[in-house]
Protein chains: 2
Amino acid sequence: MDVKTLCLGVLIRGEASGYEIKKQLEEGPLAQFCRAGFGSIYPALGQLKAKGLVTWSEHSQEGRPDKKIYRITDQGIAAFRKALRKEPSDDRVHSESLFMIFFQGFLDSGRAAEIVDAYRETYRQIATRMRVADLTEAPAGHRFVHAIGQSIYEAIVDAVERNRHLLSEDVDKKALATEK
Amino acid sequence: MDVKTLCLGVLIRGEASGYEIKKQLEEGPLAQFCRAGFGSIYPALGQLKAKGLVTWSEHSQEGRPDKKIYRITDQGIAAFRKALRKEPSDDRVHSESLFMIFFQGFLDSGRAAEIVDAYRETYRQIATRMRVADLTEAPAGHRFVHAIGQSIYEAIVDAVERNRHLLSEDVDKKALATEK
DNA sequence: GACAAGTTATATCAAATCGATATATATCAA
DNA sequence: TTGATATATATCGATTTGATATAACTTGTC
């Protein structure tokens, strides 16, 4: 699942500029399990253009650089369908927070608790945002993926709360120090 | 959190060869949220060697290439502690399975259900494996991270079961076709 | 009203990483 | 015996990351 396929996935839902593709990958419903930066999106769009999988039109804007709106072609749709026919690779998770907590013994005193609290808060916010989303109109695939994501984020918040005591020795000392 | 830091993290728990580092990153307790291939591990070890953060000794073996055992140095430990002092970046999740299910409308009939069943089974196995792990001797950080991971995997299995019906139209047709 | 910070928009580039492949042998199952 | 899996290192092109550059508008704050 390279960035080219990711772009096709965004464009199949509607035309967009490179900038808008990145925004959708960050804020849209795909954000939970996809990611790409400008450094890969712009070259990807260039390659898609060269292969005829997307067309584009330039819209000049005052003050800002021209906006290039990309639109998927029939060939692009076919290529996207083909990409979806491969076997999905295993999920990849990269969590620096959990890596750091794993090595708690090498962290400064109280640092693990700090990281864990920020971690909980991040996922609490995401979970809250997802809970209020309205998907009654969305297709089954969207609803399914949303439900899985929400369950995971709620499980994280819950599990952090249930297990935080494991790291709390330091924290109590720190809390005491701050109080006095 | 680059591969150099990942290698130091493995080596701080005991000496290992490049091959063994990869195995630990795949099968060990770090596997849940880390990943690296040979193409990044061997160059990383080379750089760590050059910086004096690890030492190595060659052990000749019959039939197989010489095994190079790497060991972290005091400088390496210091560098690892320093790396742990940065702010952790946001978690990154990459899931081709969920991406494909999101675009269910573009998948062949019944394919989404197939993917989802394989997905459930993968995490069911991981969750089962984690449930029987004995961590009574492990440090708090290990136990915490293990608990979070287990909760996530169990939440996935559970959520897939609760939401599978959203994708089941196709499946029922397929099941019928197979039965006859 | 001035200044900082954030948003919209494209693009490049070095460094890091991925994924496949090469090389060799041993072992175990079909 | 054929194929698959495991041990072990290593390289290499293609892809991706993360930082940076450029430029002007918008929004909030003192």
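Only a predicted model underlies this, so the values are computations on that prediction, with no experimental measurement involved. So that the names make sense, note that chain A is the first sequence line, chain B the second, and so on, each numbered from 1.
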Q: May I have all residue pairs that pass salt bridge (Lys or Arg N to Asp or Glu O under 4.0 Å) and include part of residues 21-37 of chain A, sequence neighbours excluded?
A: A/Lys22-A/Glu26

Side chains of [X] and [Y]: does their closest heavy-atom pair fall under 4.5 Å?
| X | Y | result |
| --- | --- | --- |
| A/Leu30 | A/Val145 | no |
| B/Ile41 | B/Tyr19 | no |
| B/Asp91 | A/His94 | no |
| B/Tyr123 | B/Ile152 | no |

Q) Listed by chain and number, what are the side-chain hydrogen bond (donor to acceptor under 3.5 Å, both in side chains) partners of B/Thr128, not counting sequence neighbours? A) none

Q) Parallel, tilted or perpendicular for B/Phe80 and A/Phe99, by the 30°/60° rule? A) perpendicular

Q. Is any NZ, NE, NH1 or NH2 atom of the basic residue among B/Arg81 and A/Asp108 found under 4.0 Å from an Asp or Glu carboxylate oxygen of the other?
A. no

Q: For the pair B/Arg111 and A/Glu87, find out whether any cationic side-chain nitrogen is under 4.0 Å from an anionic carboxylate oxygen.
A: yes

In whole angstrom, what separates [X]'s [atom1] from [N]'s [atom2]?
| X | N | atom1 | atom2 | result |
| --- | --- | --- | --- | --- |
| A/Lys67 | C/dT7 | NZ | P | 16 Å |
| B/Met1 | C/dA16 | CE | C1' | 15 Å |
| B/Ile41 | C/dC18 | CD1 | P | 9 Å |
| B/Lys4 | C/dA16 | NZ | P | 5 Å |
| B/Trp56 | D/dT9 | CH2 | P | 14 Å |
| B/Leu48 | C/dA16 | CG | P | 12 Å |

Q) Can you list the stems that DNA chain C is part of, where a stem is at least 3 pairs in a row, each Watson-Crick or G-U, with both distances below 3.5 Å? A) C:1-30 with D:1-30

Q) For A/Arg92 and C/dG19, is the shortest distance between a side-chain N/O and OP1 or OP2 below 4.0 Å? A) yes

Q. At under 4.0 Å, does any side-chain N or O of B/Arg35 touch on OP1 or OP2 of C/dG19?
A. yes

Q) What pairs with B/Arg13 under salt bridge (Lys or Arg N to Asp or Glu O under 4.0 Å), at least two apart in sequence or on another chain? A) none

Q. In residues 6-28 of chain B, which ones come under 4.0 Å of DNA chain C, going by heavy atoms?
A. none

Q: Flag yes if more than 12 heavy atoms outside A/Arg162 fall under 6.0 Å of its CZ atom; otherwise flag no.
A: yes

Give each protein N/O atom lying under 3.5 Å from an N/O atom of nucleotides 11-13 of chain C, with the pair distance.
| unit_1 | atom_1 | unit_2 | atom_2 | d |
| --- | --- | --- | --- | --- |
| C/dA11 | OP1 | A/Lys68 | NZ | 2.3 |

